[in-house]
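Comments concern the structure below.
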Amino acid sequence: MELRHLHYFAILAEELHFGRAAERLCISQPPLSRQIKDLEEELAVTLFERNNKRVNLTAAGIYFLKETHDILRLLEKAKLKARQIQDSVSGTFRLGYISSTPKALLARVLNIVKEHYPHLHICLYETSTQKQVAALENGKLDLGIIRTPILSNQLNTYTLLKESFCLATNEEFNTDCGKLSDLAYVSYSKEYAPEYYQQFVSYCHYLGFDPHVLHECNTMQSILELVASGLGAAVVPQSVQHHTQHLQIRFSPLPIAPIYTETVLAFDRESRHPALSVFKDIITAEYKMFYKEKIKSNM
């Protein structure tokens, strides 16, 4: 039995007419009749009842048609998958991201990419904006999820999220007592993330006080864990509250100011990596979807 036998059988079963089926198959009627006869002999069953006026499927033919459709669908699926594998992007893609990037969102992106590009090897690097900018400029990263400002003429950026700040405190802290200026703060290290540290200080200055920074950390997770332990308060991006439910932290609104924080995708404008546009599109779409879902679930 060959695949053409199944194909001819399926077409004849649809048309129930040898002449029309042969026309669809672009062959003459005698070869079609011969192929169907060969198939029936190999199966040792009668697939069609024939007379001078009509052609009908037998009970065995009805059953075999269903199985044939399943086989042909699987074959088409296998052919499509094989073409996708051949045409898919391969090699290595190096993605950087800041520590406040939601890991659930990152997992969604990676799952989507691997589904469409199974031969692409993805390397992840969680590090600061400053280090990512240097790595993007010297070709050690292909794409970065970072925060503005970005002091580089070599990189292009796409905005993912633009937001203001909120106050993170231990749940036992009474936000009605004391002034913001009286609090001790936990912040990013000024050496590790100097641009973000300066945004934090500038925001506090806009509110009229100079923050007393008691602890400095290199990751958002560390900042929030110290806050949850009662070791200080933190001024953090508003989006952080959507993916820290496991920590005992209270998030309180802060006054709107002309100072904000912006998360962007950054890449070398000369990059020709074949997977770059794929990652940009997927990450941009998933960022919008992720925070839309989070805001809706918190309403």
Side-chain angles (χ1 to χ4, degrees), residues 1-93 95 104-122 142-143 272-294 296-297:
M1 184 187 305
E2 299 181 17
L3 285 174
R4 71 170 182 274
H5 290 111
L6 299 180
H7 184 53
Y8 289 178
F9 165 69
I11 296 299
L12 180 57
E14 290 179 19
E15 296 293 341
L16 294 177
H17 188 281
F18 276 91
R20 290 194 299 269
E23 186 177 349
R24 279 183 60 184
L25 293 166
C26 299
I27 61 175
S28 61
Q29 186 170 331
L32 174 59
S33 298
R34 186 165 56 251
Q35 295 293 334
I36 296 300
K37 183 178 180 181
D38 290 344
L39 178 60
E40 289 178 320
E41 288 178 353
E42 182 168 349
L43 295 173
V45 298
T46 301
L47 299 172
F48 295 97
E49 294 175 344
R50 309 166 177 84
N51 57 42
N52 292 331
K53 295 183 178 180
R54 57 191 305 176
V55 177
N56 286 319
L57 283 166
T58 64
I62 293 172
Y63 167 78
F64 192 68
L65 178 62
K66 177 184 178 303
E67 297 299 314
T68 296
H69 282 158
D70 290 343
I71 292 169
L72 293 176
R73 276 195 295 269
L74 286 174
L75 177 62
E76 286 303 312
K77 184 178 180 181
K79 287 163 60 178
L80 176 61
K81 191 67 175 179
R83 285 195 295 268
Q84 287 177 338
I85 291 173
Q86 176 175 291
D87 298 338
S88 70
V89 176
S90 59
T92 299
F93 190 87
L95 175 65
L105 187 155
L106 198 59
R108 279 163 53 161
V109 169
L110 296 178
N111 284 331
I112 293 171
V113 171
K114 292 305 290 184
E115 180 181 353
H116 290 86
Y117 300 96
H119 293 283
L120 184 64
H121 179 64
I122 305 167
D142 297 302
L143 184 65
R272 296 295 180 267
H273 196 295
L276 181 60
S277 62
V278 173
F279 267 92
K280 286 193 299 182
D281 291 345
I282 293 175
I283 291 175
T284 301
E286 287 303 311
Y287 249 82
K288 291 179 181 178
M289 182 65 69
F290 183 83
Y291 284 108
K292 183 178 180 180
E293 291 173 354
K294 290 296 182 182
K296 185 176 180 180
S297 66

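Quick caveat: nothing in here was measured; it's all calculated off a predicted structure. Residues: numbered from 1 along the sequence shown.
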According to side chain to side chain contact (heavy atoms under 4.5 Å, CB included), who are the partners of [X], at least two apart in sequence or on a separate chain?
X	value
R54	N51, N56
D281	none
I112	H116, I282, E286
I71	L6

(request) With sequence neighbours excluded, tell me which residues meet ring-ring contact (aromatic ring centres under 6.0 Å, His included) with Y8. (result) none

(request) Using the test ring-ring contact (aromatic ring centres under 6.0 Å, His included), find all partners of Y287 that sit at least two apart in sequence or belong to another chain. (result) Y291

(request) Keeping to residues at least two apart or across chains, list the ring pair (Phe, Tyr, Trp, His ring centres under 6.0 Å) pairs with something in residues 33-59. (result) F9-F48

(message) Show every ring pair (Phe, Tyr, Trp, His ring centres under 6.0 Å) that has at least one partner inside residues 15-44, sequence neighbours left out.
(response) none

How close do [X] and [Y] get, heavy atom to heavy atom, and via which atoms?
X	Y	value
S28	P31	OG-CD, 2.8 Å
L32	A21	CD2-CB, 3.7 Å
A10	L65	CA-CD1, 4.1 Å

Report the distance from atom [atom1] of [X] to atom [atom2] of [Y], rounding to the nearest 0.5 Å.
X	Y	atom1	atom2	answer
I27	Q29	CD1	CD	9.5 Å
L12	L39	CG	CG	10.5 Å
I36	T46	CD1	OG1	12.5 Å
H273	L143	NE2	CG	10.5 Å
R108	L106	CZ	CG	11.5 Å
L95	I283	CG	CD1	5.0 Å

(message) Between L120 and F279, does the side-chain contact (heavy atoms from CB on, under 4.5 Å) criterion hold? Intermediate values first, please.
(response) CA-CA 12 Å; L120 184 64; F279 267 92; 3.7 Å; yes

(message) For H7 and I11: C-alpha separation, side-chain torsions, deciding distance, then whether side-chain contact (heavy atoms from CB on, under 4.5 Å) applies.
(response) CA-CA 6 Å; H7 184 53; I11 296 299; 4.1 Å; yes

Salt bridge (charged side-chain N to carboxylate O under 4.0 Å, His left out) partners of [X], counting only residues at least two apart:
X	result
E14	R24
E2	R4
R73	D70

(request) Would you mind telling me which of T92, V109, D142, V113 makes a side-chain contact (heavy atoms from CB on, under 4.5 Å) with I122? (result) V113

(request) Just grab all the salt bridge (charged side-chain N to carboxylate O under 4.0 Å, His left out) pairs involving residues 26-41, residues at least two apart or on different chains. (result) E40-R50

(request) Report, as yes or no, whether the 6.0 Å neighbourhood of atom CD on E15 holds more than 12 heavy atoms from other residues, nucleotides or ligands. (result) yes

